[in-house]
2 protein chains.
Amino acid sequence: MALSKPTDSELEILHVLWERGPSTVRQVHEQLSQTRDLGYTTALKLMQIMHEKGLLSRTEEGRSHVYIALVTEEATQRDLLDRFVGTAFRGSALKLVVQALGNSKASPAELEEIRQLLDRLDQAPEK
Amino acid sequence: MALSKPTDSELEILHVLWERGPSTVRQVHEQLSQTRDLGYTTALKLMQIMHEKGLLSRTEEGRSHVYIALVTEEATQRDLLDRFVGTAFRGSALKLVVQALGNSKASPAELEEIRQLLDRLDQAPEK
DNA sequence: CTTTATCTACGAAAAAATTCGTAGTAAATA
DNA sequence: TATTTACTACGAATTTTTTCGTAGATAAAG
């Protein structure tokens, strides 16, 4: 069964948890509210919902809860990317890559990194 | 002024119009309903809304309307990709490319195409 | 002990996106 | 001409996502 796609807000919270590691609502809210207007109980509610959905686990720590992401950043990105390639690029990962490289101002070092990845893909075409 | 991001449903309709060219609601609905359950008036309403938003233009053709996408597939993909890199990959186009290449089973020819693109980017680092 | 601060839980409003029914109209058909 | 068919327009119900206020509980501070 495929995970349900996290909403944009849920993704914001996941980012904080991935970055900070296990965190309280207070901590997550503090970080998010630096870049955007968000009430404390809004963050709380979101995290409660994410907990219900199985996206986060939590442990009691004194009178507050410490939340932990139950999905990894990598798995989530893989999943979101798959969907995105499907909906926005009609399934063509190649087109997406070309577009992404075209848009981005990648440094020579980064371009080199991609070359090396391509070489590895050539050598190991088998899954 | 930034375009507003098309919703998932709107994107589906845009795909049909990009593929078929100018089309009536009937034609769009026929195609969409092959892969998903969607009422005729739902498609109609969506296209009317998209017309109001300036995403589509339309001309009367007999007693029906022929709709045309006012945004190109390329521009839309560029815009969606920018947002997506931001929200899902925290702005790192490189990570997205690496992930996309890793997931996809690209053919040697496609890998070669990407190499050539990288070469062009090397040679023309100036915007 | 009383007040204040800090939590969670919960309900529900608000906003955004999706869906469809009904009405009205005009063309096509019987 | 009467009926059926194929459209659009429009209002509104539904669903999903986001947001927050209020209540209750417990710890900390006065």
Side-chain angles (χ1 to χ4, degrees), chain A residues 2-17 22-68 76 80 83-84 87-88, chain B residues 2-17 22-68 71 76 79-80 83-84 87-88:
Chain A
L3 311 205
S4 75
K5 168 172 154 180
T7 67
D8 285 350
S9 298
E10 289 175 343
L11 203 50
E12 286 187 297
I13 284 171
L14 285 174
H15 275 303
V16 175
L17 290 176
S23 311
T24 62
V25 174
R26 172 72 43 198
Q27 293 168 322
V28 169
H29 174 254
E30 224 143 67
Q31 175 152 343
L32 286 183
S33 60
Q34 282 172 9
T35 49
R36 119 179 155 77
D37 203 32
L38 183 79
Y40 175 83
T41 56
T42 303
L44 170 67
K45 180 69 166 190
L46 275 171
M47 290 172 77
Q48 285 172 344
I49 290 172
M50 291 170 78
H51 177 239
E52 279 169 23
K53 288 189 189 174
L55 238 45
L56 307 181
S57 74
R58 67 183 193 187
T59 58
E60 302 208 0
E61 199 81 21
R63 72 205 140 113
S64 69
H65 288 152
V66 173
Y67 287 83
I68 302 177
T76 303
L80 288 174
R83 292 173 197 269
F84 184 69
T87 60
Chain B
L3 312 207
S4 76
K5 167 172 156 180
T7 67
D8 286 349
S9 298
E10 289 174 343
L11 203 50
E12 287 188 295
I13 285 171
L14 285 173
H15 275 303
V16 175
L17 291 176
S23 310
T24 62
V25 173
R26 172 72 45 197
Q27 293 169 323
V28 169
H29 174 254
E30 225 145 65
Q31 173 151 345
L32 286 182
S33 60
Q34 282 173 10
T35 50
R36 115 181 158 76
D37 203 33
L38 183 78
Y40 175 83
T41 54
T42 305
L44 170 68
K45 180 71 165 189
L46 276 171
M47 290 172 76
Q48 284 172 346
I49 290 172
M50 291 170 77
H51 177 238
E52 279 169 23
K53 286 189 190 174
L55 237 43
L56 307 181
S57 74
R58 69 185 191 185
T59 57
E60 301 209 359
E61 199 81 20
R63 71 206 141 114
S64 69
H65 288 152
V66 173
Y67 287 84
I68 302 177
V71 290
T76 304
D79 184 52
L80 288 174
R83 290 172 198 269
F84 184 69
T87 60

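Note that the structure is predicted; figures quoted are calculated from it, not measured. Throughout, a chain's letter reflects where its sequence line sits, starting with A, and its residues are numbered from 1.
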[X]: which residues meet the side chain to side chain donor-acceptor pair (under 3.5 Å) condition with it, sequence neighbours left out?
X       : answer
A:Thr24 : A:Gln27
B:Ser23 : B:Arg20
B:Thr42 : none
B:Gln48 : none

*Using the ring-ring contact (aromatic ring centres under 6.0 Å, His included) rule, collect all pairs that involve residues 35-54 of chain A, keeping only residues at least two apart or in two chains.*
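Residue pairs passing ring-ring contact (aromatic ring centres under 6.0 Å, His included), neighbours aside: A:His29-A:Tyr40.
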
Separation of [N] [atom2] from [X] [atom1] (nearest whole Å):
X       : N      : atom1 : atom2 : value
B:His65 : D:dC10 : NE2   : P     : 11 Å
B:His29 : C:dT18 : NE2   : P     : 16 Å
B:Glu61 : C:dA27 : CD    : C1'   : 16 Å
A:Asp37 : D:dT18 : CG    : P     : 15 Å
A:Glu52 : C:dG11 : CD    : P     : 11 Å
A:Leu38 : C:dA14 : CG    : P     : 18 Å
B:Tyr67 : D:dC7  : OH    : P     : 12 Å
B:Glu30 : D:dC7  : CD    : P     : 9 Å

Show me the donor-acceptor pairs within less than 3.5 Å that the side chains of residues 52-64 of chain B make with the rest of the protein, sequence neighbours left out.
unit_1: B:Lys53; atom_1: NZ; unit_2: B:Glu10; atom_2: OE2; d: 2.7
unit_1: B:Arg58; atom_1: NH1; unit_2: B:His65; atom_2: ND1; d: 3.3
unit_1: B:Arg58; atom_1: NH1; unit_2: B:Tyr67; atom_2: OH; d: 2.9

Between [X] and [N], does any side-chain N or O lie under 4.0 Å from OP1 or OP2?
X       : N      : result
A:Tyr40 : D:dT19 : no
B:Gln48 : D:dT8  : no
B:Arg26 : D:dT5  : no

*Identify, between B:Ser64 and A:Arg36, the residue whose nearest nucleotide on DNA chain D lies closer to the 5' end.*
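With B:Ser64 and A:Arg36 compared, the 5'-side residue is B:Ser64.
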
*What string of B, S and - do you get for nucleotides 21-30 of chain D, 5' to 3', when a contact is any protein heavy atom under 4.0 Å?*
BB----S---

*Which residues within residues 7-17 of chain A lie with some heavy atom under 4.0 Å of an atom in DNA chain C?*
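By residue number: none to list.
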
*Closest to the A:Leu46 side chain: D:dT19, C:dA9, C:dC7?*
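Closest nucleotide among those given: D:dT19.
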
*asked:* I need the minimum non-hydrogen distance between B:Leu11 and B:Pro6, along with the two atoms involved.
replied: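 Shortest heavy-atom contact: CD1-CG, 4.3 Å.
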
*Taking all non-hydrogen atoms of both residues into account, name the closest pair between B:Ile13 and B:Ala43 and its distance.*
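Nearest pair, atom of B:Ile13 first, then B:Ala43: CD1-O, 4.4 Å.
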
*Could you give all pairs that pass the salt bridge (charged side-chain N to carboxylate O under 4.0 Å, His left out) test and reach residues 32-45 of chain B, with sequence neighbours left out?*
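Found B:Glu12-B:Arg36.
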
